[in-house]
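Working notes, structure below.
Counting convention: from 1, in listed order, for ligands and their atoms alike. Each residue takes its place number in the sequence, starting with 1. The shown structure was predicted, so the numbers you read here are calculated from the model rather than taken from an experiment.
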Amino acid sequence: MPTKVVLGAQWGDEGKAKIVDYLAAQADVVVRFQGGANAGHTVIVEGETHIFHALPVGVLNEGTTCVVANGVVLDPEALFSELDELSKRGTVVEPGQLYVSSCAHVVMPYHKALDRASEAQLGSGAIGTTARGIGPTYRDKVDRSHAFRVMDLLADDLTDRLRAAVQSKNQILIAIYGAEPLKADEIISETLGYAERLRPFVTDTSLYLNKALDEGKMMLFEGAQGTLLDIDHGTYPYVTSSNTTAGGACTGSGVGPTRIDEIIGVTKAYMTRVGNGPFPTELLNDEGERIRELGNEYGATTGRARRCGWFDATIARMSARVNGLTGLALTRLDILDTVESLKLCTAYRHGGRLLEEFPADPRVLETCEPVYEEIDGWCAPTTEARCVEDLPPKAMAYVQRIAELSGTPVAYISVGPDRDETIAV
Ligand code: IMO
Ligand code: MG
């Protein structure tokens, strides 16, 4: 199997985990390269639901090595609670099956407090973050003064440095946000505990990954969030704080672009978004409500109701461009099985002009009108389909039209949440 990056081509929650889990059967190594516990990656195997925030979904596969690489912001609390939950369910992950980069930055309790406080202060202008401390941790990484990498948790000066950091963050919490200060001693003792548990998993993951590739190992990169949440290419400022796009797989792992063969953009057969920001094809009516209920579109991390809308090919083309997509994984086709008539957004209209390319300016995006093409629904179940010939012709016509409008072939179609409910095209 060639080296593949699987990433979100929309606003997150596209079903990346389901596709990674499906492909992980052939993978020796699965790598998370950006984001943190803001991800909510749901996998259903033999009827059992697993939700991962911090761990790569490859942990469910015996014989697959999982890597949390340098570009991730690591939340030790989330990581260990997932490992503990897995071991309760009978899967014990040993060092050697999971590697954590010594260069990954660490999410501290004050990052979460700052995330919450900042969102509260922004009020109606809030980003709608997951409150997992993602933005404040990446901010400290770029800022460089009070950041902690995994290697710093294992160093002798941890206590002194952490005490100084908590003091400094408390000043901000009190003076800027009028929030409660945090207790340095509690954070220090908790962090020392995590550091000891982390120690056997820590390594230079860039070195490990490149050696694994030299040995011919099959590698999968598991993206979190989605292209439209990318800090550079997304709907800024309503984005996350990392590069969710294909380039992030390289900077976030220390594996060069020449070693990657395929980039799979996971995209729902419609669109959803959680959190605030523009969404041109959003359905603020019964149709949107119906898709939400059919798809049970509620967040895996925060439980929030997801905003729902029609598939937007303008976005799919932009995603194909910035990621260099080699294929699409089209998910949740089955959710549309009972919808009589579907719409595909092919372009936008803005101030009397037709825009065929996704506008970078959110002010333009906010005031765009989607241009739709109507397509007949197939009104037949698709969940039992295991090859394209099993799909109703009208469902296949919808899939083909998406490929055409996106300029990207469809490589996989998901017709249900279970691992088996997948078609390789
Ligand atoms: P997965 O990996 C959907 C959204 C938040 C908010 C914005 C910034 O499951 O697809 P952050 O906490 O990252 O600072 O929030 O990004 N967001 C997601 N939306 N799926 C996710 O992850 C997301 N992770 C963050 O709702 O709008
Ligand atoms: Mg999710």
Side-chain angles (χ1 to χ4, degrees), residues 5-21 30-44 49-57 68 71-73 75 78 82 105 107 111-120 122 125-141 221-245 248-249 252 265-268 271-279 282 295-308 319 329 331-332 362 417:
V5 177
V6 176
L7 52 77
Q10 299 171 322
W11 275 291
D13 302 327
E14 300 91 347
K16 297 175 288 293
K18 142 100 203 227
I19 300 298
V20 171
D21 174 64
V30 178
V31 191
R32 277 275 318 258
F33 55 87
Q34 47 71 230
N38 48 349
H41 292 177
T42 308
V43 180
I44 301 175
T49 301
H50 302 263
I51 301 179
F52 297 107
H53 303 287
L55 285 169
V57 301
V68 176
V72 168
V73 284
D75 181 342
E82 266 162 45
H105 280 249
V107 181
H111 290 127
K112 296 178 203 175
L114 286 164
D115 196 350
R116 286 191 299 270
S118 155
E119 286 282 278
L122 285 168
I127 293 165
T129 71
T130 59
R132 298 300 170 107
I134 304 299
T137 310
Y138 278 116
R139 194 156 66 220
D140 274 353
K141 172 177 178 173
F221 290 84
E222 175 185 351
Q225 292 81 54
T227 298
L228 289 165
L229 292 171
D230 182 274
I231 186 77
D232 285 286
H233 301 286
T235 47
Y236 192 90
Y238 299 102
V239 293
T240 191
S241 304
S242 66
N243 281 116
T244 60
T245 43
V266 186
T267 184
K268 278 179 180 160
M271 311 276 297
T272 63
R273 172 165 208 174
V274 266
N276 299 329
F279 181 178
E282 181 172 16
N296 189 27
E297 292 292 355
Y298 295 89
T301 301
T302 58
R304 290 178 289 178
R306 296 181 184 138
R307 301 155 66 192
C308 298
S319 183
T331 59
R332 315 221 84 194

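Inside a sphere of radius 2.8 Å centred on the Mg ion (ligand 2), the protein N/O/S atoms present are Asp13 OD1, Gly40 O.
Polar contact check, Gly135 against ligand 1: no nitrogen or oxygen pair lies under 3.5 Å apart. Note: no N/O pair closer than 3.5 Å links Asp115 and ligand 1 by distance alone. Of the N or O atoms in Arg132, none lie within a sub-3.5 Å distance of an N or O in ligand 1. For ligand 1, the polar-atom distance check against Asn276 finds no nitrogen or oxygen pair separated by under 3.5 Å. Considering both main-chain and side-chain atoms, Arg304 comes within under 3.5 Å of ligand 1 through a nitrogen or oxygen pair. Looking at ligand 1, you won't find any N or O of Ala131 less than 3.5 Å from one of its N or O atoms.
Taking 4.5 Å as the limit, some side-chain heavy atom of Val274 sits within range of a side-chain heavy atom of Arg306. By the 4.5 Å heavy-atom criterion applied to side chains, Asp75 and Lys112 are counted as neighbours. Put simply, the side chain of Trp11 does not reach to within 4.5 Å of the side chain of Arg307, judged on heavy atoms. Residues Val266 and Thr331 meet the side-chain proximity criterion, which asks for heavy atoms closer than 4.5 Å. Contact of the Glu119 side chain with the Ile127 side chain is registered, since non-hydrogen atoms from C-beta on lie closer than 4.5 Å. Counting heavy atoms from C-beta on, the side chains of Glu222 and Val57 come closer than 4.5 Å. Between Leu7 and Thr227, some side-chain heavy-atom pair lies under the 4.5 Å cut-off. Put simply, the side chain of Asp140 does not reach to within 4.5 Å of the side chain of His105, judged on heavy atoms.
Those atoms of ligand 1 that come under 4.0 Å of a heavy atom in Val274, given as number and element, are 3 (C), 19 (N), 26 (O), 27 (O). Within the listing of ligand 1, atoms 2 (O) sit less than 4.0 angstrom from a heavy atom of Ala224. Atoms of ligand 1 found under 4.0 Å from any heavy atom of Ala39 (numbered from 1 in listed order, with element): 1 (P), 2 (O), 9 (O), 22 (O). Taking every heavy atom of Trp11 and a limit of under 4.0 angstrom, the matching atoms of ligand 1 come to 3 (C), 19 (N).
In terms of protein heavy-atom proximity, atom 9 (O) of ligand 1 is closest to Gly40 N, 2.9 Å. Ranking the protein heavy atoms by distance from atom 12 (O) of ligand 1 puts Thr130 OG1, 2.6 Å first. Among protein heavy atoms, the minimum distance from atom 3 (C) of ligand 1 is reached at Asp13 OD2, 3.2 Å. Counting only heavy atoms of the protein, atom 13 (O) of ligand 1 lies nearest to Thr240 OG1, 2.6 Å. The protein heavy atom nearest to atom 15 (O) of ligand 1 is Thr129 CA, 3.3 Å. With hydrogens left out, the protein atom closest to atom 2 (O) of ligand 1 is His41 NE2, 2.7 Å, a heavy atom. Counting protein heavy atoms only, atom 6 (C) of ligand 1 is closest to Gly128 O, 3.1 Å.
Here Tyr238 has no heavy atoms under 4.0 Å from ligand 1, in either its backbone or its side chain. Proximity of Val239 to ligand 1, defined as any heavy-atom pair under 4.0 Å, is confined to the backbone N, CA, C and O atoms. Looking at Lys16 against ligand 1, only its side chain comes within 4.0 Å, counting heavy atoms.
Proximity of a side-chain donor or acceptor of Lys16 to a complementary backbone N or O of Gln225 within less than 3.5 Å is detected. Not a single donor-acceptor pair under 3.5 Å links the side chain of Asp115 to the backbone N or O of Gly135. Using modelled atom types, one side-chain atom of Tyr138 and one backbone atom of Gly35 make a donor-acceptor pair closer than 3.5 Å.
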Report task. Report the C-alpha separation of Thr301 and His53 in whole Å, then their side-chain angles, then the decisive distance to 0.1 Å, and conclude whether the side-chain contact (heavy atoms from CB on, under 4.5 Å) test is met. Result -> CA-CA 8 Å; Thr301 301; His53 303 287; 3.4 Å; yes
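The CZ atom of Arg304 lies 13.5 Å from the CD atom of Glu297; values are rounded to the nearest 0.5 Å. Between Thr272 atom OG1 and Phe279 atom CZ the span is 6.5 Å, to the nearest 0.5 Å. A distance of 4.5 Å separates CE of Met271 from CD of Gln10, quoted to the nearest 0.5 Å. Atoms CD and CZ, from Glu282 and Arg273 in turn, are 9.0 Å apart once rounded to the nearest 0.5 Å.
Compare Asn38, Leu229, Thr272 by their heavy atoms: the one nearest to atom 4 (C) of ligand 1 is in Leu229. In this structure, of Gln225, Gln34, Arg306, the residue bringing a heavy atom nearest to atom 24 (N) of ligand 1 is Gln225.
Side-chain atoms of Thr245 and Asp232 form no donor-acceptor pair, as typed in the model, at a separation below 3.5 Å.
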